[in-house]
Amino acid sequence: MAVDRTLQGLVLGGLVAIGLVWGGSYIKDAAQVWRDANRSVTVKGLAEREVAANVALWPLHYSVAGNELSGLQAELAQDEATIREFLEAQGFDASNISVTPPQVQDRYANNYGNSQPEERYSGEATVLLRTPKVSAVKAALPKTSQLVREGVLLSPNYEYRTEFLFTDLERIKPEMIAEATADARRAAQQFAEDSGSRVGAIKRASQGYFSIEDLDSYTPDIKKIRVVTTIDYALED
């Protein structure tokens, strides 16, 4: 009986020892996994491109004045026709030209002084060209003095400035996202090397918005496109 108890004790002790060894190994492995799971680095990746605008918006705002509404309307219609002819002569399609409804103002009604303007009514409207022919617009812009010589009173200001747009972002968006992601991974790899680690899988990623701006105030037809991505990478030993 004493022998049996001794044998049982040895067996039980062995099992306990094995359990402690296995449990310690498991705890060690679990601690390693937990530590690795909580080691990460957050980096940002940048992608930039310069692209040419592919759409031009050219508003030609004009105004007339007169004492008779019928005459005012006739002048507005004549100026519209003159502007349309000018644009078509520069090679633009008639289908890309539109005009806003004219706005007419009674100057007498809005005059609170003792003196009244010579002409009672003023009218204005805008002929708008929307075209993909960006280079043609740039070439035609200096020629608007021709309209002035033909009696069209143009009213250029900031509200009616020529705009150049880039509308083909979807075509280059995947490539730029890939470039920004690659840039972020390079930053993560540099950090990992400095810390004696290596880059693991992506834990979290967020894409910033795409910004489109003029290259500068002198070249609004060239756009700078920019996107920033933020990525969390796991770090491993």
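This chain uses plain numbering: 1 for the first residue, then up along the sequence.
Here Gln105 contributes atom CD and Arg120 contributes atom CZ; the two are 12.0 Å apart, rounded to the nearest 0.5 Å. The OG1 atom of Thr181 lies 8.5 Å from the CD atom of Gln207; values are rounded to the nearest 0.5 Å. Taking OG of Ser197 as the reference point, atom CD of Gln189 lies at 12.5 Å (rounded to 0.5 Å).
Within the 4.5 Å cutoff, side-chain heavy atoms of Arg49 are placed close to those of Glu175. A heavy-atom distance below 4.5 Å is found between the side chains of Trp58 and Leu141. At least one side-chain heavy atom of Leu215 sits under 4.5 Å from a side-chain heavy atom of Glu50. For the pair Phe86/Glu150, no side-chain contact is recorded, criterion being any heavy-atom separation below 4.5 Å from C-beta on. Side-chain contact check for Tyr233 versus Arg185: some heavy-atom pair is nearer than 4.5 Å. At a threshold of 4.5 Å between non-hydrogen side-chain atoms, the residues Met176 and Ile225 count as touching.
Put simply, Phe164 and Tyr160 are part of two different groups of oily side chains (I, L, V, M, F, W, Y) that touch within less than 4.5 Å, one to the next. Linking ILVMFWY side-chain heavy atoms closer than 4.5 Å, directly or via other members, places Val227 and Leu165 in two distinct hydrophobic clusters. Residue Leu60 is not grouped with residue Leu153 when hydrophobic side chains (ILVMFWY) are merged at heavy-atom distances under 4.5 angstrom, including chains of intermediate members. Under the 4.5 Å side-chain heavy-atom criterion for Ile, Leu, Val, Met, Phe, Trp and Tyr, Phe191 and Val43 are members of the same hydrophobic cluster. Ile222 and Ile172 fall into different hydrophobic clusters, defined by Ile, Leu, Val, Met, Phe, Trp and Tyr side-chain heavy atoms under 4.5 Å apart, directly or through other members.
Salt bridge annotation for Glu88-Arg84: absent, with no cationic side-chain nitrogen under 4.0 angstrom from a carboxylate oxygen. The residues Glu213 and Lys224 are annotated as not salt-bridged, no charged nitrogen and carboxylate oxygen being separated by less than 4.0 angstrom.
No donor-acceptor pair under 3.5 Å is formed between the side chain of Asp79 and the backbone N or O of Val64. The closest donor-acceptor contact from the side chain of Asp214 to the backbone of Asp216 lies at 3.5 Å or more, if one exists at all. In this structure, the side chain of Thr82 engages the main chain of Gln78 through a donor-acceptor pair within 3.5 Å.
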Please set out all donor-acceptor pairs under 3.5 angstrom arising from side-chain atoms of residues 124-140, sequence neighbours excluded.
unit_1: Thr126; atom_1: OG1; unit_2: His61; atom_2: ND1; d: 2.7
unit_1: Thr131; atom_1: OG1; unit_2: Lys133; atom_2: N; d: 3.0
unit_1: Lys133; atom_1: NZ; unit_2: Gly91; atom_2: O; d: 2.6
unit_1: Lys138; atom_1: NZ; unit_2: Asp221; atom_2: OD2; d: 2.9

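Within the cation-pi definition used here (under 6.0 Å to the ring centroid, within 45° of the axis), Lys173 qualifies as a partner of Phe210.
A donor-acceptor contact closer than 3.5 angstrom links the side chains of Thr42 and Asp232.
Arg198 is linked by a salt bridge (Lys or Arg N to Asp or Glu O under 4.0 Å) to Glu236, counting only residues two or more places apart in sequence or in another chain.
When all heavy atoms of Asp183 and Gly45 are compared, the closest pair comes out as OD2-CA, 3.4 Å. Nearest heavy atoms, Ile231 versus Ala184: CD1-CB, 3.9 Å.
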